[in-house]
Amino acid sequence: MSQPSSAQEQQFLGGPPEVFEEVGREQLAALLQFGLAPSSTVLDIGCGCLRGGRWIIPLLEAGHYCGIEPNAEMLAYGLKSIVDPEIIRIKQPRFDHNDRFDFSVFGTKFTHLIARSVWTHADKPQIGAMLDGVAQCGAPHAVLLASFRPARWYKRDDYKGVGWVGRSHESDQSGMICHSFRWIAGACAQRGLRASRVDRPIVNGQPWIAVQRA
Ligand SMILES: C[S@@+](CC[C@H](N)C(=O)[O-])C[C@H]1O[C@@H](n2cnc3c(N)ncnc32)[C@H](O)[C@@H]1O
């Protein structure tokens, strides 16, 4: 599938249909930049309808892709219509629907974690929970790649509210938020992690942050 059809546009696909393929491919490209290999173990946080998973799953050994997605309907759509069923049969991806950012459910130490268009909706305690998960369930040289929308001091748009903003298992309302890189770097440092901006072309207005052990 290259671009979603009009029927698929009825379904929330994780972002604008016109960049569906580009944003998905970008997720694989960013992971490859950080050493993704068939033996890597990947956690896709908020994997949605597998916009990125459809590119990542085929490259990995069986059982090495795990996805967390509380919106069970969205994931079911992806498994039915976005990823080739034969790939699912061979690669045996694993999924969980918890919305607590509990990464321990898979019993795996992850070499790569990815959160595409997730920090653009998550509040600061939720980002903190994801960073705790990296510290607990990341392999020694793990990397988390998270896309975000940088807050600008002159706009005072660093999100300080409480709760997820945008579509989810609990809401049909769209919305996006910004976080300051300075805050993210501080939250990482508190957990023995280091945040750095990733040198890649910015797709759909969201640069990547790489989080690794300090
Ligand atoms: C904008 S979509 C991006 C989906 C996917 N990463 C992609 O690139 O297509 C954000 C996703 O985060 C999911 N989400 C919402 N709350 C979550 C939570 N507490 N834990 C994990 N994922 C959550 C939403 O259901 C949605 O699928």
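Remember, it's 1-based here, ligands and their atoms both numbered in the order they're listed. One is the number of the first residue; the rest follow in order along the sequence.
- Among the atoms of R167, none of the N or O lies under 3.5 angstrom from an N or O of ligand 1.
- By heavy-atom distance, the residue among F20, F12, F101 lying nearest atom 20 (N) of ligand 1 is F101.
- Every atom of ligand 1 with a heavy atom of N71 under 4.0 Å away is listed here by number and element: 25 (O).
- Using bins of under 30°, 30° to 60° and over 60° for the plane-to-plane angle, the ring pair H179/Y159 lands in the perpendicular bin.
- Among all protein heavy atoms, the one lying closest to atom 26 (C) of ligand 1 is E69 OE1, 3.6 Å.
- Residues R116 and V203 come closest through the heavy atom pair NH2-O, 3.0 Å.
- Here is the list of ligand 1 atoms found below 4.0 Å of a heavy atom in S168: 15 (C), 25 (O).
- The ligand atoms of ligand 1 that sit less than 4.0 angstrom from a heavy atom of D99 are 19 (N).
- When all heavy atoms are compared, the tightest approach of R149 to G205 is CG-O, 4.2 Å.
- For the pair T111 (side chain) and S40 (backbone), a donor-acceptor distance under 3.5 Å is absent.
- Looking only at protein heavy atoms, the nearest one to atom 15 (C) of ligand 1 is W164 CZ2, 3.3 Å.
- Not one N or O of D44 is nearer than 3.5 Å to an N or O of ligand 1, by distance alone.
- The distance criterion of under 3.5 Å between nitrogen or oxygen atoms is met by R116 with respect to ligand 1.
- Side-chain contact, S39 with E61: no donor N or O sits under 3.5 Å from an acceptor N or O.
- No hydrogens or angles considered: nothing links the side chains of Q126 and W119 as a donor-acceptor pair under 3.5 Å.
- A donor-acceptor pair is defined here as one N or O able to donate and one able to accept, closer than 3.5 Å; such a pair exists between the side chain of K91 and the backbone of P58.
- At a heavy-atom cutoff of 4.0 Å, ligand 1 is contacted by no atom of R100, backbone or side chain.
- Among all protein heavy atoms, the one lying closest to atom 8 (O) of ligand 1 is R51 NH2, 3.0 Å.
- Among protein heavy atoms, atom 10 (C) of ligand 1 sits closest to S117 O, 3.5 Å.
- Of all atoms in ligand 1, listed by their number and element, those nearer than 4.0 Å to a heavy atom of M74 are 27 (O).
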* Step by step, work out the side-chain hydrogen bond (donor to acceptor under 3.5 Å, both in side chains) result for R200 and Q33. => CA-CA 9 Å; R200 288 193 59 74; Q33 183 170 325; 2.7 Å; yes
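- Counting heavy atoms closer than 4.0 Å to ligand 1, residue Q126 contributes nothing at all.
- The protein heavy-atom contact nearest to atom 21 (C) of ligand 1 is P70 CD, 3.5 Å.
- Remark: side-chain polar atoms of H64 are not paired, donor with acceptor, to backbone N or O of Q92 under 3.5 angstrom.
- Listed by number with element, the atoms of ligand 1 under 4.0 Å from a non-hydrogen atom of H121 are 1 (C).
- The shortest distance between side-chain heavy atoms of R197 and F148 falls below 4.5 Å.
- Closest protein heavy atom to atom 5 (C) of ligand 1: G46 O, 3.1 Å.
- Using a 4.0 Å cut-off between charged nitrogen and carboxylate oxygen, D102 and R100 count as a salt-bridge pair.
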